[in-house]
Amino acid sequence: MNFKRISIKIIFWALIPFLFVVSIVPVMSHLTIKNSALDVVKRRDAAFAEIAAVRLSENLQKYSYFLQTIADTKACKEMSFTHMEPLLVQARSRIHFFDGGIVIFNKKGRVVWSYPLGFQKKGHFFPSPSHFKSLKNNLRPVFSDIFFHAPLGRDAILIGVPVIDDRSRFQGVVAGICSVEFSTLGTTYTKVLEFKSGKSSFGYLVDGDGHVLYHRHSSLLGQSLMDQEAVQKVIQGKTGATFSLDESGIKLISGFAPVPGTRWGVITQGNWTEVEKLILFYIRLFTAVLWCGGIVSAGLVFFFIKKHLNPIRVLTQGADRIAQGDFTEIPVRKTGDEIEVLSRQFNSMARALKASFANIKNRVEALDNARTALENSEEKINGIINSVADAMMMIHENGDILWINDKGKELFGSGAGEKKYVDLLYPNNPPPGSCIVKNCFATGIESDSELKIPVNGKIMDFWCTSNVVLWAREGTPRRVVLVCRNLAEKKRMREEVLRNAQLAALGELAAGVAHEINNPINGIINYAQIIEDTRGSGQEDVELPQRIIAESMRIANIVSKLLSFAREGNEEKEAVNISEIIDDVLDLTQAMVKKDNIKVIWEAGGGVPLCHAVTHQVQQIFLNIIGNARYALNQKFSGSHARKELIISCESVTNNDQQMVRTVFMDRGIGIPEKIMDKLCNPFFSTKPPGHGTGLGLSISYGIIEEHRGELNIESVEGEWTKVSIDLPIAR
């Protein structure tokens with residue numbers, strides 16, 4: 001066999017997959033169809049069982065409804081049975097299915113009346129204590145399991161409904177008793193469970209203990225089938241289908257579903273062997289058709305290959321001449337198919353190649369001109385980059401600086417382009433895990449952060465942004481551009497805004513603090529006057545100087561906290577105690593909230609860890625939030641009110657896998673409309689009227705919290721309450 005011939009190769013390689021397919025497909029089809037059929041049949045039988053269970057539940061309700069009409073009579077509610085017998089005689093056509101009679105039990109579960117009269121002895125207990133307890137607790141109808149009914153002398157079930165008086169109190173039970181074998185209740189089972197899903201498929205019913213309530217084989221009535229898996233699962237309240245083997249080894253598939261409102265279960269049973277035989281027949285038929293089709297197809301392929309390969313051979317010879325530089329056109333055979341089109345395309349290619357050789361020189365000249373233009377464009381781009389006032393550098397994936405603009409060389413030195421970026425940003429320490437360049441190479445996502453970078457021996461603040469500018473084919477970053485902007489002027493303006501906001505808060509506090517100081521000063525004056533009046537009389541009070549000292553210390557403490565808030569604090573973050581900051585803020589605002597009749601509930605959490613924060617900035621945040629809460633409470637309650645309160649709590653939480661200290665301020669004021677929730681932190685946005693707010697409080701607070709790597713969350717229900725949560729990272 002000559003494998004160099006294309007016809008042999010095509011036939012050979014077409015034959016291999018065909019043999020593979022016809023060998024594997026029947027096996028895969030058998031497994032797939034069998035498993036699919038198994039799944040479909042299981043779903044079908046489970047659905048049959050569930051539908052039958054629902055239908056049976058609906059049909060059984062008419063019996064409980066009839067008993068309920070008896071339970072709702074005035075005589076039954078009052079346990080007075082004088083008129084009960086005439087009532088049941090009139091309904092004789094409807095109670096014939098209760099061949100065990102109708103029995104009324106009192107609230108203790110004892111028989112107090114039965115129909116026919118005397119059929120059930122008075123004083124006997126309810127047959128099933130568990131069902132009686134369920135009736136008493138749930139006040140819903142109960143369908144009991146099978147029990148032996150002495151008056152009937154055979155197995156029976158009980159349908160019971162609660163008797164409830166006009167005050168909704170449990171008075172007893174009205175129960176109808178049906179024998180398992182002879183009651184006309186069996187017709188209800190028959191209508192629902194006698195269906196055909198196969199030649200040998202049928203359904204049966206079991207109670208909550210696994211005993212048969214209905215079966216096409218009457219000899220099984222009352223028998224326990226707890227050894228069957230389907231029965232075990234259905235009395236557990238499960239729905240589904242399962243496999244099992246009967247006594248003769250035949251495979252059976254059983255669907256099961258609980259009957260709603262009862263402890264009973266419906267089980268369907270079918271012969272899986274019948275389905276399996278049908279599957280095998282169709283698989284064999286499919287395999288035979290597949291082989292026949294494959295053989296016919298192989299013969300047709302061989303015939304048409306032989307017919308169409310001659311023009312291809314001519315086409316191949318022409319292609320060889322073109323490859324040797326002979327651009328003579330090949331003859332075109334009018335076959336009317338792709339071979340003719342391919343021949344014409346070869347001729348077009350030959351003409352195009354001939355013309356392209358003539359244009360090569362012109363194209364080379366055009367490429368030279370383009371290179372010159374590219375060099376000029378590169379000069380312009382370099383000029384633009386070097387004119388930028390921020391330091392810019394391109395970084396290789398190994399950390400080398402590939403180029404740096406003039407501003408970068410001015411800041412970091414003329415030799416910065418020959419260093420690694422870590423030598424500029426972190427000269428004395430290894431790069432941290434939060435390094436924006438490292439994260440940009442790792443994730444390919446733009447990163448930015450504020451960094452402190454040593455420049456000429458001086459630590460300066462920069463806002464640095466890194467972004468990927470070149471990707472590898474496999475999608476990994478290869479080049480990153482880093483831009484460093486000097487934040488000295490920006491930080492000065494920000495500190496000025498923060499200072500102005502602090503001074504505004506200080507002015508608001510001054511009046512309250514003055515009022516707070518006025519009380520101890522009056523006390524000191526009074527104590528001093530008493531000392532003056534009693535001097536030399538021998539009646540001096542030795543406690544008065546101590547009171548003067550205590551009141552003076554109180555004034556000093558208030559003034560000290562006010563001055564501490566007023567002075568310009570250290571901007572460096574440190575370990576701070578949030579509880580102490582809240583205590584200081586409450587001392588400063590005590591006079592104002594007291595004047596407004598606001599009750600402050602400070603739920604200090606024990607063992608709350610220290611935070612990494614700037615103390616006076618956190619004070620400013622808390623003062624702003626308390627001020628907003630005061631305004632909201634005063635808008636809702638003009639005077640004193642029991643619900644005019646501000647609740648403050650502090651606890652340790654985990655937020656996004658990070659340990660944080662959460663401080664919550666909750667007021668029961670006017671709340672915030674949902675439509676403006678997304679605008680609360682916008683600068684100059686305020687819900688207060690002119691003269692009562694600048695609209696900068698929450699904006700400044702949001703900026704401070706964001707710089708602290710924390711979170712600000714605001715929840716509110718308009719007219720009801722507002723909750724502000726502040727999460728700050730703990731100090732490591």
Side-chain angles (χ1 to χ4, degrees), residues 504-505 508-516 518-519 558 561 578-606 608 618-653 660-681 685-702 705 711-728:
E508 187 177 358
L509 290 172
V513 171
H515 179 76
E516 184 71 10
N518 188 51
N519 290 333
I558 295 173
K561 291 181 179 180
I578 293 295
S579 296
E580 293 180 358
I581 294 177
I582 294 176
D583 289 335
D584 292 343
V585 171
L586 291 179
D587 285 343
L588 292 174
T589 58
Q590 180 180 6
M592 292 186 293
V593 298
K594 185 177 180 181
K595 177 174 68 69
D596 294 335
N597 296 310
I598 296 174
K599 180 182 179 182
V600 178
I601 302 173
W602 167 213
E603 300 174 350
V608 176
V618 178
Q619 284 180 332
Q620 187 168 348
I621 295 171
F622 291 172
L623 281 170
N624 176 262
I625 294 173
I626 291 175
N628 289 340
R630 284 182 54 225
Y631 179 82
L633 289 167
N634 286 331
Q635 289 294 108
K636 185 174 182 179
F637 308 106
S638 58
S640 178
H641 195 278
R643 291 175 58 83
K644 193 175 184 180
E645 57 187 14
L646 170 63
I647 304 170
I648 306 173
S649 62
C650 187
E651 61 178 341
S652 175
V653 299
M660 312 281 274
V661 174
R662 175 170 294 171
T663 308
V664 180
F665 296 81
M666 180 177 178
D667 67 79
R668 305 185 187 279
I670 57 175
I672 303 170
E674 184 177 357
K675 63 182 179 182
I676 65 169
M677 288 292 289
D678 58 342
K679 302 178 182 178
L680 294 179
C681 294
F685 178 80
S686 176
T687 58
K688 299 176 184 178
H692 289 78
T694 63
L696 290 174
L698 279 177
S699 175
I700 292 173
S701 299
Y702 179 80
I705 294 170
E711 283 192 14
L712 172 66
N713 292 299
I714 303 176
E715 304 174 51
S716 184
V717 175
E718 186 176 3
E720 297 292 335
W721 53 268
T722 299
K723 184 195 296 183
V724 181
S725 302
I726 301 165
D727 291 354
L728 295 174

Value rounded to 0.5 Å, distance of CD1 in I726 from CE in M660: 11.0 Å

K636, NZ atom: more than 12 neighbouring heavy atoms under 6.0 Å: yes

Residue pair K644 / N634, side-chain heavy-atom distance below 4.5 Å: yes

Pairwise distance CZ(F665) to OG(S725) - rounded to 0.5 angstrom: 10.0 Å

Side chains of R668 and E645 in contact at under 4.5 Å (non-hydrogen atoms): yes

For the student: nearest non-hydrogen atoms of C650 and V661, plus distance: SG-CG1, 3.6 Å

Side chain proximity check, F622 to T663, heavy atoms < 4.5 angstrom: yes

Pair I714-I672, side chain to side chain contact (heavy atoms under 4.5 Å, CB included): steps then yes or no: CA-CA 10 Å; I714 303 176; I672 303 170; 4.1 Å; yes

W721 backbone acceptor or donor facing S716 side chain under 3.5 Å: yes

Distance, nearest 0.5 Å, that separates CG of D583 from CD1 of I648: 9.5 Å

Atom pair CD (E603) and CE (M666), whose distance is rounded to the nearest 0.5 Å: 10.5 Å

Any I598 side-chain heavy atom under 4.5 Å of D667 side chain: no

Residues I626, L586; criterion side chain to side chain contact (heavy atoms under 4.5 Å, CB included); working and verdict: CA-CA 9 Å; I626 291 175; L586 291 179; 4.2 Å; yes

L728 side chain near I578 side chain, heavy-atom distance below 4.5 Å: yes

Inter-residue atom distance N713.CG - R662.CZ, 0.5 Å rounding: 7.0 Å

